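Note sheet for the following structure.
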Amino acid sequence: MNKIGVLTSGGDAPGMNAAIRAIVRSGISHGLEVYGIYNGYEGLVAGNIQKLERGNVSDIIIRGGTILGSARLPEFKNDNVQELAVKNLNAHGIEALVVIGGDGSYRGAMALTERGINCIGIPGTIDNDIAMSDFTIGFDTALQTIIENVDKLRDTSSSHHRCSVVEVMGNHCGDLALFAAITCGAELVITPETGFIEEDVINRLKEIESIKKKRHAIVIISEKITDVELLAVKISKNTGFSGRSTVLGHIQRGGSPSANDRMLATRMGDFAVQLLINGHGGECIGIKQNEIMSMDIEEALRYPRVNRRDLFELHERLV
Ligand code: ADP
Ligand code: F6P
């Protein structure tokens, strides 16, 4: 094998650039040519492909986002679109591919592997929703961004006897909310795992006020659960707190990657190149107990979701 490609797909995540850098430099060190595919599967299908040299990835380890650009292309599920992608790879002599993204991107990687292009998936998403890996690239940085913002909200909400309701990202995974609640000392955490009953939230806040004698409160809630602005209004109406809502939004996806994300991305990028050199395909990389490992994407997609009960209980004990 002489030529490999790399693309970033789905929502971007801080640390994707560090992974691209590792893949390019590790590939070149092993005597390979490395090609960047721009804008995910969209660029692959459009033939937006360019060779990357060592210098092309200089100074990017510190940068958030992805220099390759990312995109979502729902049509990539279609046979004819996948065939076009393979044709473009063949035209460049690219025999294998590293796909940096989430589980959706992994499905595309699996399809390409079945069509003869060995693909390795690297978990690049702030959501931490790839169960076979303890952490995904970008989660640590996004969490740090949440902490910085919630700490600021705490200053003002404590001054005004308010309850700040903070909506964080995570798609269908509550990890960002749960880890943020623990590390910010939030009073309440609501995630897809906890479920949401408005009355319970109101009662809990009343309890926090009357029994725990708290003069302010922070509620961290995962996105896609309820309208946080309305929830804040109901908190103002039904508790002694004045409610205010903040949606952190895409701020969580940006910023210079943390040391942990740079390290994780670098280790995973280098490992992906080694796997491809050894003829592996249809696998994705993870980290388990600080060991970099891989497994078949098919198995990874079936991997049972991590049960966070211990962390929810830990949070509960400390409120
Ligand atoms: P993520 O990779 O972060 O989970 P998405 O779910 O949006 O993000 O998936 C990213 C892209 O992966 C999609 O836009 C599509 O191009 C591709 N993809 C998703 N599901 C499939 C599938 N079943 N088969 C082929 N490609 C897919
Ligand atoms: O998967 C990363 C993520 O930021 C999710 O947390 C969020 O639900 C989604 O992407 C937002 O997507 P978009 O950038 O398309 O609004």
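We count ligands from 1, going down the list as the structure has it; atoms in each ligand are counted the same way. Computed over heavy atoms, backbone and side chain alike; hydrogens, waters and symmetry mates excluded. All of these numbers come straight from a predicted model, not from anything done at the bench.
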So which protein heavy atom does atom 15 (O) of ligand 2 come closest to, and at what separation? Arg72 NH1, 2.7 Å
Using a strict 4.0 Å threshold on nitrogen-to-oxygen distance, state whether Arg115 and Asp79 make a salt bridge. yes
Sidechain N-carboxylate O distance under 4.0 Å for Lys237, Glu198: no
Please find the pair of heavy atoms, one from Ile37 and one from Gly40, that lie closest to each other, and give the distance. CG2-O, 3.8 Å
Using distance alone, determine whether Ser105 and ligand 1 share an N or O pair under 3.5 Å. yes
Of all protein heavy atoms, the one nearest atom 7 (O) of ligand 1 is Arg72 NE, 2.9 Å
For Gly108, counting its heavy atoms only, list the atoms of ligand 1 lying under 4.0 Å from any of them. 25 (C), 26 (N), 27 (C)
Within ligand 1, which atoms have a heavy atom of Gly102 less than 4.0 Å away? 1 (P), 2 (O), 3 (O), 4 (O)
Looking only at protein heavy atoms, identify the closest one to atom 5 (C) of ligand 2 and say how far it is in Å. Asp127 OD1, 3.4 Å
Quick one: which ligand 2 atoms are inside 4.0 Å of a heavy atom on Lys224? 8 (O)
Judged on heavy-atom distance to atom 8 (O) of ligand 2, which of Met169, Glu223, Arg253, His250 sits nearest? Glu223
Please list, one pair per line, the donor and acceptor atoms closer than 3.5 Å that link side chains of residues 92-108 to other protein atoms, with sequence neighbours excluded.
{"from": "His92", "atom 1": "ND1", "to": "Asn88", "atom 2": "O", "distance (Å)": "3.1"}
{"from": "Glu95", "atom 1": "OE1", "to": "Asn2", "atom 2": "N", "distance (Å)": "3.1"}
{"from": "Ser105", "atom 1": "OG", "to": "Ser9", "atom 2": "OG", "distance (Å)": "2.7"}

Under 3.5 Å, N or O to N or O, is Ala71 touching ligand 1 that way? no
Before signing off on this row, confirm whether Gly170 and ligand 2 have an N or O atom pair separated by under 3.5 Å. yes
For atom 27 (C) of ligand 1, grab the closest protein heavy atom and report residue, atom and distance to one decimal in Å. Gly104 O, 3.5 Å
Evaluate the criterion side chain to side chain donor-acceptor pair (under 3.5 Å) for residue pair Arg25 and Ser58; output intermediate values, then yes/no. CA-CA 10 Å; Arg25 296 213 167 155; Ser58 296; 3.2 Å; yes
Measure the distances from the heavy atoms of Ser9 to every atom of ligand 1 and state whether one is below 4.0 angstrom. yes
Identify, by atom number and element, the atoms of ligand 1 in contact range of Leu73, meaning under 4.0 Å from any of its heavy atoms. 13 (C), 14 (O), 15 (C), 16 (O)
May I ask you to list the atoms of ligand 1 that are less than 4.0 angstrom from any heavy atom of Tyr41? 12 (O), 16 (O), 17 (C)
Just to verify, what does Gln274 make a side-chain hydrogen bond (donor to acceptor under 3.5 Å, both in side chains) with, not counting sequence neighbours? Asp270
Do the charged groups of Glu187 and Lys212 touch, with an N to O distance under 4.0 Å? no
Any nitrogen or oxygen of Asp103 lying under 3.5 Å from a nitrogen or oxygen in ligand 1? Just yes or no. yes
When distances are taken from atom 8 (O) of ligand 1, the protein heavy atom at minimum range is Gly10 CA, 3.6 Å
Is the number of heavy atoms from other residues, nucleotides or ligands within 6.0 Å of CG (Leu314) greater than 12? yes
Over 60° means perpendicular and under 30° means parallel, so classify the ring planes of Phe179 and Phe135, tilted if in between. perpendicular
Please say whether Lys77 places an N or O atom under 3.5 Å from an N or O atom belonging to ligand 1. no
Hey, is Lys288 close enough to Glu291 for a salt bridge, meaning N to O under 4.0 Å? no
Under 3.5 Å side-chain donor-acceptor pair for Arg253 and Thr145: no
